[in-house]
**Student:** 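Sharing a structure, written as structure tokens. Questions coming.
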Amino acid sequence: MEFLDLLTNPDNVEMEWEQGWVRASFRSREWYAGETVISFETRANCMAVRLSAGQTPVRRLHLRWQRELDSGGIRVLGDQWERGYGDLEWRGLVAEREMPWYFLLSKGGRTHGYGVETGTSSFCYWQADAGGISLTLDVRCGEAGVLLGDRTLEAAVIVTREGAEGESAFGAATAFCRMMCKQPILPSQPVYGGNNWYYAYGNSSTAEIIADSERVSDWSSSVDNRPFMVIDDGWQLCSGGGSCNGGPWEPNYQFSDMQKLASDMKGIGVRPGIWCRPLLVANSVPNHWRRYGGHNVGSIYLDPSVPDVLDYVGNEIRKLHDWGYELIKHDFSTFDIFAKWGFEMGASMSNHGLAFADRTKTTAEIIVALYKKIAEASADSLIIGCNTVGHLAAGLVEIQRTGDDTSGKEWERTRKMGVNTLAFRMPQHDTFFAADADCVGLTDDVPWHLNKQWLELLSESGTPLFISADPKAVGAEQEAAIRKAFERASKPLPPAEPLDWLDDRCPSRWQIAGEERHFNWYAERGVQLNERPQVTLR
């Protein structure tokens, strides 16, 4: 398959103003429309896209390269805006399919990569069809056009990689991810341990966390790399799920002294971790902090473009660090900014009609600034981002939750979300961050013979391993399996490789430490489909 040179001047450039789309004219190596100018700087293996617009509000840029693609036998893999939702897969050409951040073309034993560098200043998605390649760069400020003034914005840096003959698609994808992220930050040791969400689901207490910590500590034999025990949602004043699970970040009546709890957990032999949702509050805040109000009374979504909000977030994260928590999991920032989950975004991102207070910055820049503030405030605590934009968080978080929630209630959710995420986001592991495909929800509601396989694969994959173990579901067999899993996960391991991911979005064949292994992810009846609502005919 021929490699497409996209580090050249596009054949067509359009931009969206508030009034609609306009086509730019090319002259003197730049594209013009009114006072708006788009220019390109070619570097080694990459090309910067720059935008200056003066007082013209700009919403999106659209670049088009006319290239013929032979669709026969071609397979295409794209990424997602934030988490995977069990929907990552290799497909044929689908012209209307938006592929956020990057995509890979594979055919005839060669796999080529096309994307943008991480930490970019725009939300970027690609499209591929038989006539060529398109790249859309969303530079809006919320729902409004960005006002750049005298500033020139480096909207994105396009990166490409030509695959080699005989190179596996997985190897090519991993090498390409390494090119897109210049400076990842990674944990100094493998990350593993417990998380109480998938059996407690927010109903917890100091006593239960202490008991969890004792079990997790006992299951680990490592002297040099002790396990984490992460306190998930449910410890804070406003808890209980839904949209009322934000700040203020102080303990509720089931938790009293969070600093003492962290100290006690360390004494037991685990590294304490804690969850928070930085952009949602239930308490009164200054009106200029507010971006919009939630569905429930007392739920306020904060505007991260406001400097005072960033200071508030930094102070809260710093407080968790100072309490002694060595891992801080921040959650929901994507939903709280866009009012949509990643699988709902498509090409429109959000539709609530709101701009940010600071109209001079793009949404991507505002999100990166939020992640930077959290990274700075966390000091030497590890950060795990959940429902965060991985392509913007790379280089600012050590660990990234790369898929939607698994489950301690139904196996089918774990199969769909967990296995797909592990396989298709594995090329980002140790190239963007440590990729966390989410927990093993070990409860009586999930068949052990299926959960056991998920535990084995995760613990041998080289990625972070977290277990939510209901003590009532842990017998002698489960305990022995957990001990073995913790022993494996505490040591550096090569990444597991999905061998059948080109053909199956829930891969069953994996290469682990040079050996091919087979897993059966399906219950006796196969996959149960959810019934669609009944349609009333009139």
**Student:** Decide whether Glu82 and Asn387 meet the rule of one side-chain donor and one side-chain acceptor closer than 3.5 Å.
**Tutor:** yes

**Student:** Please name the pair of heavy atoms, one in Arg226 and one in Gly269, separated by the smallest distance, quoted to 0.1 Å.
**Tutor:** NE-O, 2.9 Å

**Student:** In chain order, what residues pass the side-chain hydrogen bond (donor to acceptor under 3.5 Å, both in side chains) check against Asp438, with sequence neighbours excluded?
**Tutor:** Tyr198, Arg401, Thr406

**Student:** Can you tell me if Asp212 and Asn196 form a side-chain donor-acceptor pair at under 3.5 Å?
**Tutor:** no

**Student:** Charged N to carboxylate O below 4.0 Å: is that the case for Asp322 and Lys319?
**Tutor:** no

**Student:** Salt-bridge test for Glu487 and Lys484: reply yes if a basic N is under 4.0 Å from a carboxylate O, no otherwise.
**Tutor:**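 Not counted as a salt bridge, because no side-chain N and carboxylate O are separated by less than 4.0 Å.
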
**Student:** Looking at residues at least two apart in the chain, or sitting in another chain, which of them share a salt bridge (Lys or Arg N to Asp or Glu O under 4.0 Å) with Glu376?
**Tutor:** none

**Student:** Taking the inter-plane angle between the rings of Trp275 and Phe332 on a 0 to 90° scale, is it parallel (under 30°), tilted (30 to 60°) or perpendicular (over 60°)?
**Tutor:** perpendicular

**Student:** Within 45° of the axis and under 6.0 Å from the centre of the six-membered ring of Tyr201, does NZ or CZ of Lys409 qualify?
**Tutor:**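 Yes, a cation-pi geometry holds between Lys409 and Tyr201.
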
**Student:** I need the minimum non-hydrogen distance between Ile337 and Pro304, along with the two atoms involved.
**Tutor:**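 Minimum heavy-atom contact is CD1-CG, 4.2 Å.
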
**Student:** Arg271: which residues meet the salt bridge (Lys or Arg N to Asp or Glu O under 4.0 Å) condition with it, sequence neighbours left out?
**Tutor:**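 Checked Arg271 against salt bridge (Lys or Arg N to Asp or Glu O under 4.0 Å); matches are Glu326.
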
**Student:** Can you name the nearest heavy-atom pair linking Ser350 to Phe338, along with the distance?
**Tutor:** CB-O, 3.2 Å

**Student:** Regarding Asp218 and Arg483, does a basic nitrogen lie under 4.0 Å from an acidic carboxylate oxygen?
**Tutor:**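 Salt bridge present between Asp218 and Arg483.
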
**Student:** Begin with the C-alpha distance, continue with both residues' side-chain angles, and end with the deciding distance and a verdict on salt bridge (charged side-chain N to carboxylate O under 4.0 Å, His left out) for Arg110 and Glu162.
**Tutor:** CA-CA 8 Å; Arg110 299 185 71 187; Glu162 183 174 4; 2.9 Å; yes

**Student:** Using a distance-only test with no angle check, is there a side-chain donor-acceptor pair under 3.5 angstrom linking Tyr192 and Gln189?
**Tutor:** no

**Student:** Keeping the roles fixed (side chain from Asp404, backbone from Met417), state whether a donor-acceptor pair exists under 3.5 Å.
**Tutor:** no

**Student:** Check step by step if side-chain hydrogen bond (donor to acceptor under 3.5 Å, both in side chains) holds for Trp448 and Glu477.
**Tutor:** CA-CA 10 Å; Trp448 168 241; Glu477 181 181 356; 3.1 Å; yes

**Student:** Any chance NZ of Lys452 has more than 12 other-residue heavy atoms, nucleotides or ligands included, within less than 6.0 Å?
**Tutor:** no

**Student:** If you count every heavy atom of other residues, nucleotides or ligands that lies below 6.0 Å from Gln183 atom CD, does the total exceed 12?
**Tutor:**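 Open.
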
